[in-house]
Protein chains: 2
Amino acid sequence: MPARIEDVAAHAGVSTKTVSRVLNGHPSVRAKLRVRIEASIRALNYVPNPAARGLAGNRSYLVALLYDNPAVGSSYIMELIVGVLQACKGTPYNAVLHPFEATDDLAAQIDNFVATHRPDALVLVPPHANNIKLLQRLDELDMRYATISSKLREPRIDIGFDERKAAADIVEHLISLGHRRIAHIAGLKGHGARTWRLNGYRDALRKAGIPYDESLVLEGDFTFAAGAAGARTLLSRRRPPTAIFTANDDMACGVMREAYERGLAIPDDLSVCGFDDTPVSQLISPGVTTVHQPCREIGRLAVESVLQSIRDPALRLQARVPYEMQLRASTAAPGKP
Amino acid sequence: MPARIEDVAAHAGVSTKTVSRVLNGHPSVRAKLRVRIEASIRALNYVPNPAARGLAGNRSYLVALLYDNPAVGSSYIMELIVGVLQACKGTPYNAVLHPFEATDDLAAQIDNFVATHRPDALVLVPPHANNIKLLQRLDELDMRYATISSKLREPRIDIGFDERKAAADIVEHLISLGHRRIAHIAGLKGHGARTWRLNGYRDALRKAGIPYDESLVLEGDFTFAAGAAGARTLLSRRRPPTAIFTANDDMACGVMREAYERGLAIPDDLSVCGFDDTPVSQLISPGVTTVHQPCREIGRLAVESVLQSIRDPALRLQARVPYEMQLRASTAAPGKP
DNA sequence: GTGAAAGCGCTAACAA
DNA sequence: TTGTTAGCGCTTTCAC
C-alpha cells in the first residue's frame, strides 16, 4: 500500500493540512517546515492520490484537447499532442483527447463530455476554436479554455503564430526566384488559416507590385484531392502559373501528383510551396518548400497557459510563437516560358 | 450542482447501493427495479462523478497508451489512438498517452508513472511490447496490460496482424509482375516487424523458387534516411535490383528520394513497395504499393480486451486482425535490363 | 502560520 | 435481492 498524506504528516510531525499546503504550493508554510515535509515526502515515496485530491478539491486533473475528426491534418494534431504532453509532464495533469464534429447538438455534446469527464481545462483547435456557439457554451459552464489559432477578435487565451506574415514570406521567396504568375490554392472558408494565408499572399504580391489576379486563386479544403483538382484547373490554362502556393502541405502533395501525371518536372517546370511543414513535406521528392508551423510549442504554451488560468481566471494571453521557413527543392527559378 | 447518487436513490425510492449496482452493471438487480432506476438517472440527468467512483473503488478510469518517442511512425501512433479513443467512447474510461524511452531506469519510470496517474490498464506498442523487463515489472505491479504486435512467445493479450503473410503477399505481387532481383530493406533489430517482414520476404522467394541472396537484404531503422542510404547502396551495384521492398513506408520514401536524385523513374526503372499504409504512401507520387496495417482496429481491440481483462484477469487473447494490400503506382513490370 | 474535524460522492463489506 | 454502514485519501472550512 502506498503512503498516504497521513503517513507523511506523522513522519514530519505536522498535521495533514500542512502537508496538503506544501503539496499545493500554498505560500503560508514556513520554509523550514516545508523543507522538512518535502524530505518526508521523498523518504516515504509519497505520491498524492489523484482521485482523492479530485474528489476533495472538485478537480479532475484532466486537460482535454478538443479537435475535429482527424481526417484533416492528423499529423498536425499529433504534433500538437506532443507539446500538450510536454506541458503536462511533471504536473498531476493528464491530457485527454476528444475528437468531435461540430453538429447541431454541439452544446449537448459538450455538456455530455464535460459532465462525464469533468475536465479542468480545455484546449480548442480550429475549427472549434472559431465556433462562437461552442465558446459561449463553455463560458456559461464557466470552463477554462485556451484556443489555438482562433480567428475571433478577442480570444481570452489564444496561441498561434503570424500566419499572414509567414505566407507573405513564402510568396516573397517565390518572387525573389523570379516568379510572377503565382497561383494560390486557399483553404476552407471559416478557417482563419484560409484568410491569413490568402492575405499574406496578397501582401507579398502588392509589395512586389504584381497585380492581384483573381483567376489564380482557387478554393480548397486542405485535402490532397483539392490540391490535385486545383492544379488540374490551373495547369490547363492557356498561360499556366509558374508557381503554386497551397494553404497546406497535403494540397501541395496534390499539386505534385497532378504535375507528375502531366509529366511536369518540379521545380523545373513548376515550383510548389506548401504550408505547415508536416512530415510528408520532407518525405516526398523533391522536398516541399514550406513554413514550419511550431505546433509543439503552440500545444505546450496552450496547456501551460490554460493551467495557469485555473489559478488566475483573469489571465489573458495572445501569444504568437516564432515560425521558420523551410526552403527545400520544390522551388526554383521559373523555366523558359 | 449536478445530481448525486443519493438524489437518484431518493427519486427512485431505493438505496444508493442499488443505484450503484445498476451503474456498475451488477446482475443482482431485478429487471423492474433496474428500469425504474435507469429512468430516474435520465430524469435527473445524473452522471457519476469519476473522482468519487475512483476513490471508493480504487480505480482511475484511465487507460494509458505507452509508446516510444514519436519520431518513428507518428502517424502509426495517431491511427492507433483513433482506435483507442473509439474503444473508450461511451465508457467512463479515458485514454492517456505516455511516450517514453526504454532507458536503464525503465522500471523507475514505470513505477513513477503508475504511482502518479494510477492507470487501470496499459496498452504497449513496440518496442515496449517486446520489453521483457518492462512486462515483468508490470506483472509485479499486478497491472493489466495488452500488447500490440508483440514478438514474445506467449503474450497474455496481444493484438496484431499476420505481418509475415502480408510481407509475403507483397513480394509475391512483385514476383507476379516479373521481378526476380528483389531487394529488401529490413527493419530495426529487436522489432518483431523486422523478423516477420523479412521472413515473409524469404517465404515468397522460396515459394517462387528464387534463391535467397543475402547481398540484397540490408538493415534499416525504419527512417527515411535509412531507406535513402539503403537505396544508394543497392542502386550502386553492378546489377541493381529491379524492385525494392522496404519494411515500412518511410523507408520506401527514402528509396524514392534516392531514385529521384539519380533520375530513375518509378515504376519504370525501379519498383518500390512499402509497408503500413501510412498517409504518406498516398500523398507521394507515384502512390506507394504497401500493406494497409489495420491500426485503428488494433487499437480498438487492444483497449476493449484490456478493459475486459480488468473484470476477468484470466482473459487471454491473441487476435490477428485482417489486413489489406494497397496496390498503387509505384510497382510495375520490370523494364528492359 | 498551523491544526482539528467535517465532508467530497461513491463503493465494499457485511447484514438483512 | 436489497439496505446499512463505514470508509477511500484528500482538501476545506474554521478555529487557534
Side-chain angles (χ1 to χ4, degrees), chain A residues 1-38 40-41 44-62 91-93 114-118 120 310-311, chain B residues 1-38 40-41 44-62 91-93 114-118 120 310-311:
Chain A
M1 274 291 107
R4 292 157 308 157
I5 197 171
E6 192 183 316
D7 304 324
V8 176
H11 187 272
V14 297
S15 75
T16 60
K17 178 58 205 169
T18 305
V19 178
S20 169
R21 279 196 261 265
V22 170
L23 291 176
N24 294 285
H26 198 97
S28 70
V29 179
R30 241 180 300 199
K32 211 174 155 182
L33 242 192
R34 153 169 280 115
V35 170
R36 197 168 87 213
I37 292 170
E38 281 165 350
S40 298
I41 289 174
L44 299 178
N45 231 321
Y46 170 71
V47 184
N49 178 321
R53 279 184 119 170
L55 180 55
N58 194 29
R59 274 166 292 171
S60 64
Y61 294 100
L62 255 31
T91 76
Y93 280 87
V114 168
T116 308
H117 298 291
R118 323 220 172 173
D120 295 337
I310 292 175
R311 307 209 143 199
Chain B
M1 273 291 105
R4 292 156 307 157
I5 197 170
E6 194 183 314
D7 303 325
V8 176
H11 188 273
V14 297
S15 76
T16 60
K17 180 59 203 169
T18 305
V19 179
S20 170
R21 281 197 258 267
V22 171
L23 291 176
N24 294 287
H26 199 96
S28 70
V29 178
R30 239 179 301 199
K32 210 174 158 183
L33 243 194
R34 152 169 282 117
V35 169
R36 198 168 86 214
I37 292 171
E38 281 166 349
S40 297
I41 288 175
L44 299 178
N45 231 320
Y46 169 72
V47 183
N49 178 321
R53 279 185 119 171
L55 179 57
N58 194 28
R59 273 165 293 170
S60 64
Y61 294 100
L62 256 31
T91 76
Y93 280 87
V114 168
T116 308
H117 298 291
R118 324 220 172 175
D120 294 337
I310 292 175
R311 309 209 142 199

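First the proteins, then the strands, lettered A, B, ... as listed; each starts at 1.
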(request) Quick one: do A/Arg4 and A/Asn49 satisfy side-chain contact (heavy atoms from CB on, under 4.5 Å)? Show the steps, please. (result) CA-CA 8 Å; A/Arg4 292 157 308 157; A/Asn49 178 321; over 6 Å; no
(request) Given side-chain contact (heavy atoms from CB on, under 4.5 Å), test B/Val8 with B/Thr16 step by step and report yes or no. (result) CA-CA 8 Å; B/Val8 176; B/Thr16 60; over 6 Å; no
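For the residue pair B/Asn24/B/Arg53, the side-chain donor-acceptor check at 3.5 Å is satisfied.
Considering only the side chain of A/Ser28, C/dG1 comes nearest among C/dA4, D/dT1, C/dG1. The side chain of A/Ala56 has C/dC8 as its nearest neighbour among C/dA12, C/dC8, C/dG9. Checked against D/dT2, D/dT11, D/dC10, the side chain of A/Ala52 finds its nearest nucleotide in D/dC10. With C/dG7, C/dC10, C/dT2 as the choices, the nucleotide that has an atom nearest any side-chain atom of B/Pro48 turns out to be C/dC10.
Comparing A/Ala3 and B/Val29, the nucleotide of DNA chain D nearest to each residue sits closer to the 5' end for B/Val29.
Formation of a donor-acceptor pair under 3.5 Å by the A/Asp120 side chain with backbone atoms of A/Arg59 is not found in this model.
Between the P atom of C/dG1 and the CG atom of A/Leu33 lies a distance of 11 Å, rounded to the nearest Å. Atom CG of B/Leu55 is separated from atom P of D/dC10 by 9 Å (rounded to the nearest Å). Computed from coordinates, the A/Asn58 CG to D/dT12 C1' distance equals 12 Å when rounded to whole Å. If you measure from atom CG of B/Asp7 to atom C1' of C/dC10, you get 13 Å, rounded to the nearest angstrom. Note: CG (A/Asn49) to C1' (D/dG9) measures 6 Å, nearest angstrom. The CZ atom of A/Arg34 sits 13 Å away from the C1' atom of C/dT2 (whole-angstrom rounding). Per the geometry, CD1 belonging to A/Ile5 stands 5 Å off P belonging to D/dT11, to the nearest Å. Between the P atom of C/dT2 and the NE2 atom of A/His26 lies a distance of 11 Å, rounded to the nearest Å.
Regarding contacts with the backbone of C/dC10, a side-chain N or O of B/Tyr46 is found under 4.0 angstrom from either OP1 or OP2. Between A/Thr18 and C/dG3 there is a side-chain N or O to OP1 or OP2 distance below 4.0 Å. Of the side-chain N and O atoms in B/Ser15, none sit less than 4.0 angstrom from OP1 or OP2 of D/dT4. In terms of phosphate contacts, B/Arg53 brings a side-chain nitrogen or oxygen within less than 4.0 Å of OP1 or OP2 of C/dT11. An OP1 or OP2 oxygen of D/dT11 is reached within less than 4.0 angstrom by a side-chain nitrogen or oxygen of A/Asn24. Under 4.0 angstrom from either OP1 or OP2 of C/dC10 there lies no side-chain N or O belonging to B/Ser20.
Atoms CG and CZ, from B/Leu62 and B/Arg118 in turn, are 12.0 Å apart once rounded to the nearest 0.5 Å. Interatomic distance, B/Ser40 OG to B/Ile5 CD1, rounded to the nearest 0.5 Å: 12.0 Å.
Under 3.5 Å, the side chain of B/Lys17 and the base of C/dA12 form at least one donor-acceptor pair of N or O atoms. Counting atom types as modelled, A/Arg21 pairs a side-chain N or O with a base atom of C/dG3 as donor and acceptor under 3.5 Å.
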